[in-house]
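Scope of the values below: all heavy atoms of this structure, side chains included, with no hydrogens, waters or symmetry mates. Heads up: numbering here begins at 1 and tracks the sequence.
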Amino acid sequence: MSQKADSLICSFYGGRLLDSLGSGTPLKSLKPLVLALMALAIVQNSAMSDDFNQLFQPNWAPDHISTEGDQIKLTLDTISGCGFESKKKYLFGKVSMQVKLVEGDSAGTVTALYMASEGLNHDELDFEFLGNVSGEPYLVQTNVYVNGTGNREQRHTLWFDPTAAFHAYSFLWNRYSILFLVDEVPIRVFANKEENGAPYPKTQAMGVQGSVWNADDWATQGGRVKTNWSHAPFVSTFRGFEIDACETDDIASSKCGRVGEFWWDKPRMSGLNRHKSHQLKWVRRRHLVYDYCMDSGRFYEMPRECIV
């Protein structure tokens, strides 16, 4: 618990909390505060667990999903891909999974971690890992759908080999912004700019899903490189399932929407601290390869959330 408490302090509160208490304040003295906040979240009906069977169930081709200890393996072959979904839906909070992606020639395949509501006018948050030929880097595509409309893609390379070991991919979603995190490093911030007339997902509870599937019509080099089925089966492995979020069955739950009710909606969570801001700038400078907000040729009028 001591290491996890230290991690929570650094990841969620960062410089803001330490600055408010003084730079000389030891992390050890802050652990009671973190533990109290975690206990408060549980009391207030947030979900927090790392047990796959407690949180999730197969929703597509269960015969292609296998369990090895604490690991869940998703298999894509010539017959089918597969996927799982959470048993509950959530409105705001943090969702995290560790994933080890398809090794070798993964061209044409997509491994996805996403949150989504239901219906044509759904909201959705995406991590999509676009496979590539051997020796070429994976691309991570993130996207945000609001009321059924997406087209908000960013694409990044990664600073490590995502097939060699597990890495954590997380959504931190509150009324201020949506953070896309890789090993707690922010790679994207989708800010709430409703004051500019930009839509923002905040009323539809979303389930959490994972899948692997064939998308060789677009996933690798715009569909020019197809899936080589002689390399099947393609396997992505998931573990470390953590959901610390407001659980609800309502479309717009009053308990989840109350301002300041949970740690993720406190005023200090309204922006990145200095360290996280520097990390985001580094990622954008070194690893961003596509941003729809920079694609002026794609849109007749730039999306309102792209306006600074």
Reported [atom1]-to-[atom2] distance for the pair [X] and [Y], which is rounded to 0.5 angstrom:
{"X": "Asp63", "Y": "Ser80", "atom1": "CG", "atom2": "OG", "answer": "7.0 Å"}
{"X": "Ile243", "Y": "Ser96", "atom1": "CD1", "atom2": "OG", "answer": "10.0 Å"}
{"X": "Asp183", "Y": "Tyr169", "atom1": "CG", "atom2": "OH", "answer": "7.0 Å"}
{"X": "Asn192", "Y": "Arg175", "atom1": "CG", "atom2": "CZ", "answer": "9.0 Å"}
{"X": "Trp263", "Y": "Lys94", "atom1": "CH2", "atom2": "NZ", "answer": "6.0 Å"}
{"X": "Ser236", "Y": "Trp213", "atom1": "OG", "atom2": "CH2", "answer": "12.5 Å"}

Could you tell me which non-hydrogen atom of [X] sits nearest to which non-hydrogen atom of [Y], and how far apart they are?
{"X": "Gln279", "Y": "Val185", "result": "NE2-CG2, 3.8 Å"}
{"X": "Leu272", "Y": "Ser277", "result": "CB-OG, 3.5 Å"}
{"X": "Pro201", "Y": "Trp173", "result": "O-NE1, 3.0 Å"}
{"X": "Trp264", "Y": "Met269", "result": "O-CB, 3.5 Å"}
{"X": "Met206", "Y": "Asp123", "result": "SD-O, 3.5 Å"}
{"X": "Trp159", "Y": "Ile187", "result": "CH2-CG2, 3.9 Å"}

Are the side chains of [Y] and [X] in contact, using a 4.5 Å heavy-atom criterion?
{"X": "Thr227", "Y": "Phe234", "result": "yes"}
{"X": "Ser170", "Y": "Glu184", "result": "yes"}
{"X": "Asn228", "Y": "Lys226", "result": "no"}
{"X": "Gln98", "Y": "His167", "result": "no"}
{"X": "Thr111", "Y": "Val102", "result": "yes"}
{"X": "Arg284", "Y": "Gln154", "result": "yes"}
{"X": "Ile72", "Y": "Leu74", "result": "yes"}
{"X": "Thr163", "Y": "Tyr138", "result": "yes"}

All salt bridge (Lys or Arg N to Asp or Glu O under 4.0 Å) counterparts of [X], not counting sequence neighbours:
{"X": "Lys73", "answer": "none"}
{"X": "Asp126", "answer": "none"}
{"X": "Glu136", "answer": "none"}

Discussion item. Within the 3.5 Å criterion, strictly below it, is a donor on Asn147 or Thr149 matched to an acceptor on the partner's side chain?
Written reply: no

Joint cluster assignment, [X] & [Y], ILVMFWY side-chain distance < 4.5 Å:
{"X": "Tyr200", "Y": "Phe262", "value": "yes"}
{"X": "Ile178", "Y": "Leu280", "value": "yes"}
{"X": "Leu101", "Y": "Leu139", "value": "no"}
{"X": "Ile65", "Y": "Trp60", "value": "no"}
{"X": "Val133", "Y": "Phe129", "value": "no"}

Worksheet entry | Partner set under ring pair (Phe, Tyr, Trp, His ring centres under 6.0 Å) for Phe84, not counting sequence neighbours | Phe52, Phe56, Phe238

Item to complete: Sequence neighbours left out, what passes ring pair (Phe, Tyr, Trp, His ring centres under 6.0 Å) with His64? Give chain and number order.
Response: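 Applying ring pair (Phe, Tyr, Trp, His ring centres under 6.0 Å) to His64 gives none.
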
Worksheet item: Passes side-chain contact (heavy atoms from CB on, under 4.5 Å), Val110 versus Leu130? Steps please.
Response: CA-CA 5 Å; Val110 172; Leu130 313 183; 3.9 Å; yes

Please tabulate, one pair per line, all N/O donor-acceptor pairs under 3.5 Å involving side-chain atoms of residues 300-308, not counting sequence neighbours.
residue, atom, partner, partner atom, Å
Arg304, NH1, Asn196, O, 3.3
Glu305, OE2, Arg152, NE, 2.8
Glu305, OE2, Tyr292, OH, 2.9

Discussion item. Quick check: Phe127 with Tyr114 (ring centres under 6.0 Å apart)?
Written reply: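 Aromatic pair excluded; centres sit 6.0 Å or further apart.
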
Worksheet entry | Intermediate values then yes/no, side-chain contact (heavy atoms from CB on, under 4.5 Å), Glu85 and Gln57 | CA-CA 6 Å; Glu85 64 182 356; Gln57 60 192 7; 3.5 Å; yes

